[in-house]
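Here's the structure, in structure tokens; my notes come after.
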Amino acid sequence: MSPDNTVQMTSLPQLAQILPYLIGHYPDDSIAFHAPGSNFIDGPTMTCPLPDDPAEWKDTAELAARRFVAYAHDRGHRPSEGVIVYLCREPRADETPWDTAALLAPVADWVFTVLDDQRADVLWTIGLVANRWWAYGCTIEGCCEGEPLPAPDDPGSITAQMARLGRTPGPRTRDIVKEFRPTTADTGFLNALNTAIDQFKARCVTRAERDTMLTSTCAQIDAATRQFRAGATVLDRSVATQLIVGLHDDGAVEAGMAHTDDDLPHARRLWAYLARHCAEPFTQEAVPALTLYAFAAWRQGDLTAARLALHDALTTDPEYEPAIDIQLGIIDGENPHDFVTASRDNHDYRMAHLQHAAQVASEYRPVTDSTAVRHREALDTATEYQATRADSHHEQLRTRYETIDIISGALADFRSGATQLPEEIAARIVLGLQDPETRDAALSTGEEYELPAERQLWANLARRCVPPHTAKARPLLTLLGWVAWRQNDTVTARQAFSDALDIDPNYRLARHMLDGIRVELDPAEVLADRREANLRFAAGRDLDNR
């Protein structure tokens with residue numbers, strides 16, 4: 001740089017005052033490192049937030065020092081040429097600035113020890129507290145302790161010097177984080193959020209239900225972004241809570257990352273708005289929104305805001321992979337547009353897969369229209385009746401055979417052109433098939449021409465398993481998958497078996513049959529075994545009824 005553009009550092013007060021110009025912001029409650037370059041302000045910098053609990057400072061300081069040495073080396077700088085350390089903290093309500101400075105003194109020693117072991121030369125360690133500075137390396141008692149930072153209009157101040165160079169200091173951390181951190185708790189909103197969380201869990205028991213929720217969340221992201229682009233600053237409470245909860249699907253995060261550059265300012269405001277509404281005890285819910293905010297900030301070149309948001313996200317959930325990936329991308333200097341491209345490709349693939357899965361599963365997915373109420377009430381009644389019965393072994397056997405008889409009658413009706421079953425009959429079949437032996441006896445062993453009616457019956461019954469009876473669909477999905485497999489429709493068979501396993505990963509018959517398809521087992525082998533088993537079942541019926 002020319003002499004006119006050179007930063008002149010001639011005093012410790014100037015060294016203390018230059019920090020927000022070095023790292024782009026004033027880091028409240030942090031350790032900051034700077035390795036001066038040829039123009040002093042050149043060279044690598046790094047900040048590390050200090051935990052609230054001083055008991056955690058030693059581990060934090062030592063880890064941060066080691067990371068800075070590695071970071072400086074990666075950027076072609078030798079820490080042996082000099083490192084300046086800044087310790088920043090604002091006094092708490094019961095502390096004076098001198099109390100806080102004394103609390104930070106051990107941190108200076110811990111950092112020095114690690115840097116010295118790493119062959120880094122610590123030039124100065126400066127404490128910044130309440131607009132005052134301390135030089136921890138000064139050995140003269142009372143010197144360099146608690147002096148006020150130079151006034152901005154002081155001709156010799158760094159502020160004046162940087163102003164002549166056209167530079168302005170970055171904002172304080174506390175001002176940056178106001179954009180995305182909760183300041184007050186909206187009790188009404190938090191109650192609504194709690195309800196939305198419960199509803200999400202109830203509606204997302206199966207993969208199909210999660211897929212439906214993901215599709216809805218992606219549509220809500222687009223709609224909310226359009227609202228913010230049009231000038232909105234708030235969202236309907238119901239929409240906001242559903243978005244916060246829906247973003248916990250990584251597919252929704254991918255959709256949020258895929259916005260165009262023109263949408264970035266509006267998307268950033270949206271994610272900040274959602275994160276701000278996740279006050280205690282719901283800070284966990286803010287992690288996806290914070291991650292998306294950080295990604296938008298990164299794309300805008302605002303690395304300080306991105307890092308601070310990622311810090312909040314990973315402090316809450318240290319294993320959240322989308323945040324980890326973005327943090328590593330920033331550290332490694334990757335191009336965020338590469339992330340955008342990957343997110344768009346993944347999102348397009350995911351949406352195409354969901355659309356295909358929805359088309360395949362539309363045959364048997366639980367209904368959502370007005371008939372759902374009737375199906376639910378019929379299953380409620382049948383379940384309550386079954387719970388009150390104390391069946392003996394003989395009664396269990398009789399119920400098993402009665403269920404098979406009812407199924408035979410229902411199949412005869414469907415072969416004759418029927419398309420529906422009476423609610424009571426359907427509920428009795430569904431409940432009866434929860435017994436594994438009854439289910440196995442109902443596995444298709446008939447001729448090929450009988451399969452369409454059987455498939456129609458099992459699909460009809462599966463559609464009746466509406467919440468909270470979703471789990472009762474497991475045997476029906478397995479029976480349907482078996483019929484589809486026999487018909488060489490392995491696409492539907494795989495989907496049905498997978499949906500049964502999504503409800504219950506330990507549902508062995510569905511697992512066995514899905515594995516059979518994967519290893520290309522001939523269903524004729526399974527059919528032969530089932531026919532022998534059904535003969536034994538029929539023979540056992542005569543013995544049991546004596």
Side-chain angles (χ1 to χ4, degrees), residues 204-215 249-251 349-366 407 411 429-448 450-467 469-534 537:
C204 294
V205 175
T206 67
R207 180 181 60 188
E209 291 167 334
R210 291 194 294 272
D211 289 348
T212 299
M213 183 62 73
L214 173 59
T215 302
D249 189 314
D250 287 350
Y349 175 81
R350 193 187 297 267
M351 289 298 104
H353 174 75
L354 291 184
Q355 184 177 9
H356 176 70
Q359 291 171 347
V360 171
S362 61
E363 179 181 3
Y364 58 79
R365 288 273 165 87
I407 290 172
L411 284 172
I429 295 176
V430 171
L431 267 292
L433 288 172
Q434 304 308 306
D435 170 53
E437 293 191 40
T438 308
R439 174 207 62 200
D440 292 351
L443 283 165
S444 170
T445 57
E447 301 303 322
E448 298 297 319
E450 297 176 310
L451 296 180
E454 294 184 31
R455 180 165 175 164
Q456 186 181 9
L457 173 62
W458 305 135
N460 181 283
L461 293 172
R463 286 197 298 271
R464 294 169 180 264
C465 294
V466 297
H469 300 284
T470 305
K472 292 183 174 66
R474 295 170 301 171
L476 303 164
L477 294 172
T478 306
L479 292 166
L480 173 64
W482 165 237
V483 172
W485 188 13
R486 286 194 61 193
Q487 292 177 313
N488 295 318
D489 181 3
T490 56
V491 173
T492 300
R494 284 174 180 270
Q495 186 78 32
F497 293 143
S498 296
D499 283 348
L501 289 168
D502 193 48
I503 297 172
D504 180 0
N506 298 315
Y507 203 65
R508 287 186 294 176
L509 183 59
R511 171 61 63 194
H512 173 71
M513 292 198 168
L514 181 59
D515 289 343
I517 293 177
R518 287 173 174 166
V519 300
E520 299 183 351
L521 178 70
D522 187 347
E525 297 179 27
V526 182
L527 178 60
D529 291 340
R530 290 314 317 157
R531 282 175 172 163
E532 290 184 11
N534 277 11
F537 180 83

Can you measure from [atom1] ([X]) to [atom2] ([Y]) and round to the nearest 0.5 angstrom?
X	Y	atom1	atom2	answer
Phe497	Thr492	CZ	OG1	10.5 Å
Trp458	Leu433	CH2	CG	5.5 Å
Leu451	Asp489	CG	CG	11.5 Å
Glu454	Leu457	CD	CG	8.0 Å
Trp485	Leu521	CH2	CG	4.5 Å
Leu461	Gln456	CG	CD	10.5 Å

What are the two closest heavy atoms between [X] and [Y], and how far apart are they?
X	Y	answer
Leu527	Trp482	N-CH2, 3.7 Å
Ala493	Ala484	N-CB, 3.9 Å
Cys465	Val430	SG-CG1, 4.1 Å
Ile407	Ala442	CD1-CB, 4.0 Å

Under 3.5 Å, side chain of [X] to main-chain N/O of [Y], donor-acceptor pair present?
X	Y	value
Arg365	Ser362	no
Arg531	Gly446	yes
Glu450	Glu447	yes
Thr438	Gln434	no

Side chain to side chain contact (heavy atoms under 4.5 Å, CB included) assessment of Leu480 paired with Glu363:
CA-CA 10 Å; Leu480 173 64; Glu363 179 181 3; 4.1 Å; yes
Output every pair passing side-chain hydrogen bond (donor to acceptor under 3.5 Å, both in side chains) with a member in residues 506-525, not counting sequence neighbours, ordered by first then second residue.
Arg439-Tyr507
For Glu448, which residues count as a salt bridge (Lys or Arg N to Asp or Glu O under 4.0 Å) partner, sequence neighbours excluded?
Arg486
For Ala533, enumerate each residue passing the side-chain contact (heavy atoms from CB on, under 4.5 Å) test, keeping only those at least two apart in sequence or located in another chain.
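Checked Ala533 against side-chain contact (heavy atoms from CB on, under 4.5 Å); matches are Arg530, Arg536.
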Between Gln495 and Tyr364, is there a side-chain heavy-atom distance shorter than 4.5 Å?
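Heavy-atom side-chain distance check passes, below 4.5 Å.
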Report yes if some heavy atom in the side chain of Leu443 is under 4.5 Å from a heavy atom in the side chain of Leu509; otherwise report no.
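Contact flag for Leu443/Leu509 side chains = yes.
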Tell me which one of Thr478, Leu514, Leu477 satisfies side-chain contact (heavy atoms from CB on, under 4.5 Å) with Leu501.
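Only match with Leu501 under side-chain contact (heavy atoms from CB on, under 4.5 Å): Leu514.
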Before giving the answer on side chain to side chain contact (heavy atoms under 4.5 Å, CB included), spell out for Ile517 and Met513 the whole-Å C-alpha distance, their side-chain angles and the decisive distance to 0.1 Å.
CA-CA 6 Å; Ile517 293 177; Met513 292 198 168; 5.9 Å; no
